[in-house]
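All heavy atoms count here, side chains included; hydrogens, waters and symmetry mates do not. Residue numbering restarts at 1 for every chain, and letters A, B, ... go by the order of the sequence lines.
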Protein chains: 2
Amino acid sequence: MIRVGRLTDYATVILSVMAKDKNRVFAAMELAAVTGIALPTVSKILKMLVNAKILISTRGSKGGYMLANEPEHITVAAVISALEGPIALTECSISKQACEQASGCGIRANWHLINQTIHNALESVTLADLVRPLAVPEESYIPVASLYQ
Amino acid sequence: MIRVGRLTDYATVILSVMAKDKNRVFAAMELAAVTGIALPTVSKILKMLVNAKILISTRGSKGGYMLANEPEHITVAAVISALEGPIALTECSISKQACEQASGCGIRANWHLINQTIHNALESVTLADLVRPLAVPEESYIPVASLYQ
DNA sequence: TTAAATAGGACTAAAATAGTCCTTAATTGA
DNA sequence: TCAATTAAGGACTATTTTAGTCCTATTTAA
């Protein structure tokens, strides 16, 4: 239907482990052992999460990674864009002219709204929700209409 | 952020051309000419849309493709899954055991809910919305809470 | 019967993603 | 101060997915 990469999936698993002991510092090796994901891959993901300011790192012996915020404030949207960049659902692949000639082209604008709708959905779910199974996220309604003003 | 393939994007362009003259039969060559997309690619997309029953085809000379339904009843969700299959946002990539040991694992269940949220968002936008720029879709609210019962 | 279309599937090419590895830098503690 | 431990950064390779093309068979109208 729609896809996020495998690394993003791994990231949620790693983060959920960390969220269960949110003030602890975890070494990459430790997280690799617990999750079963290969160490180089875990490292790569952790680096990306640090760059996105989702994690804080400390170097040196006794170093490692820690959540930068409360799990309630880490959104799924943030995790996804940390791993995959701010890629939209689609950027009109054909030339702008052709697009406009061909169809009038509200498509480009409308995809943008669809992107926003999905982004809102992903903003409404946090790491805390992922860890506490089936919790109701804070924003219960996504007002699609408000996007279409 | 999240991605659909280029073919899906092309498909919306092709469908929007067809939606503007919804009872006409369009040959693949004609659609290729109008949209600027290469003929073999257009053909491939049209075949996929026929398989998904979004289009009806007629063979032989004077044959071509026509919308199977009113644009109001062709959802963006249907178009995406026609082109990309019913692939969810993620299928937990690590082993089930590891996942459960590691995190308790509400993640799998919660991803499912996120998938549904997004699916609902995409169900709420139709081809008619794409063609009529900035129209308000019928369902204005997506009740996320209802998914979390 | 011929020309104009689509159907289906095999195949190739290109691009994106995942995964690994190496070198450098920082920190701790003996 | 040195050795051990751990992350940072980036280059590289391999794999997988996606896009794109092409060929042959089938259907239909004139």
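- Whole-Å rounding puts the B:L83 CG to D:dA19 C1' distance at 12 Å.
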Please tabulate the protein-to-nucleotide N/O contacts below 3.5 Å involving nucleotides 13-16 of chain C, giving atom names and distances.
none

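- Under the 4.5 Å side-chain heavy-atom criterion for Ile, Leu, Val, Met, Phe, Trp and Tyr, B:V25 and B:L49 are members of distinct hydrophobic clusters.
- C:dA5 atom P lies 17 Å from atom CG of B:L55, rounded to whole Å.
- Taking atom CD1 on A:I56 and atom P on D:dA8, their separation rounds to 12 Å, with Å as the unit.
- Here B:L55 contributes atom CG and B:L46 contributes atom CG; the two are 6.0 Å apart, rounded to the nearest 0.5 Å.
- If you measure from atom CE of A:M48 to atom C1' of D:dA8, you get 13 Å, rounded to the nearest angstrom.
- The side-chain contact (heavy atoms from CB on, under 4.5 Å) test with A:D129 singles out one residue from A:L127, A:V131, A:V125, and that residue is A:V125.
- The side chain of B:N51 contributes no N or O atom lying less than 4.0 Å from OP1 or OP2 of C:dA7.
- In this structure, the side chain to side chain contact (heavy atoms under 4.5 Å, CB included) partners of B:A52, at least two apart in sequence or on a different chain, are B:I54, B:A82.
- Partners of A:A27 under the side chain to side chain contact (heavy atoms under 4.5 Å, CB included) rule, at least two apart in sequence or in another chain, are A:E30.
- Taking Ile, Leu, Val, Met, Phe, Trp and Tyr as members and joining any whose side-chain heavy atoms lie under 4.5 Å apart, directly or through other members, A:I56 forms no hydrophobic cluster with any other residue.
- Residues passing the side chain to side chain contact (heavy atoms under 4.5 Å, CB included) test with A:T41 are A:L7, A:Y10, A:I37, A:A38, A:I45, sequence neighbours excluded.
- Residues that satisfy the side chain to side chain contact (heavy atoms under 4.5 Å, CB included) test with B:N51, not counting sequence neighbours, are absent from this structure.
- The separation between B:I37 atom CD1 and D:dA19 atom C1' is 12 Å, rounded to whole Å.
- Scanning residues 57-67 of chain A for heavy-atom distances under 4.0 Å to DNA chain C yields A:R59, A:G60, A:S61.
- Across the protein-nucleic acid pair, B:F26 atom CZ and C:dT6 atom P stand 13 Å apart, rounded to whole Å.
- Every residue meeting the side-chain hydrogen bond (donor to acceptor under 3.5 Å, both in side chains) condition with B:T8, not counting sequence neighbours, appears here in chain and number order: B:E84.
- Atom CD of A:E84 is separated from atom C1' of C:dT17 by 10 Å (rounded to the nearest Å).
- Atom P of nucleotide C:dG19 and atom CG of A:L46 are separated by 14 Å, given to the nearest angstrom.
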Can you give me the N/O atom pairs linking the protein to nucleotides 21-24 of chain D at distances under 3.5 Å, or say none if there are none?
{"residue": "D:dT21", "atom": "OP2", "partner": "B:T41", "partner atom": "OG1", "Å": "3.2"}

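- By the rule that hydrophobic residues join a cluster once side-chain heavy atoms approach within less than 4.5 Å of another member, A:I14 and A:M66 end up as members of separate clusters.
- Sorted by first then second residue, the salt bridge (Lys or Arg N to Asp or Glu O under 4.0 Å) pairs that include residues 46-71 of chain A, not counting sequence neighbours, are A:K22-A:E70.
- Checking D:dA19, C:dA5, D:dA8 against the side-chain heavy atoms of B:A27 singles out C:dA5 as nearest.
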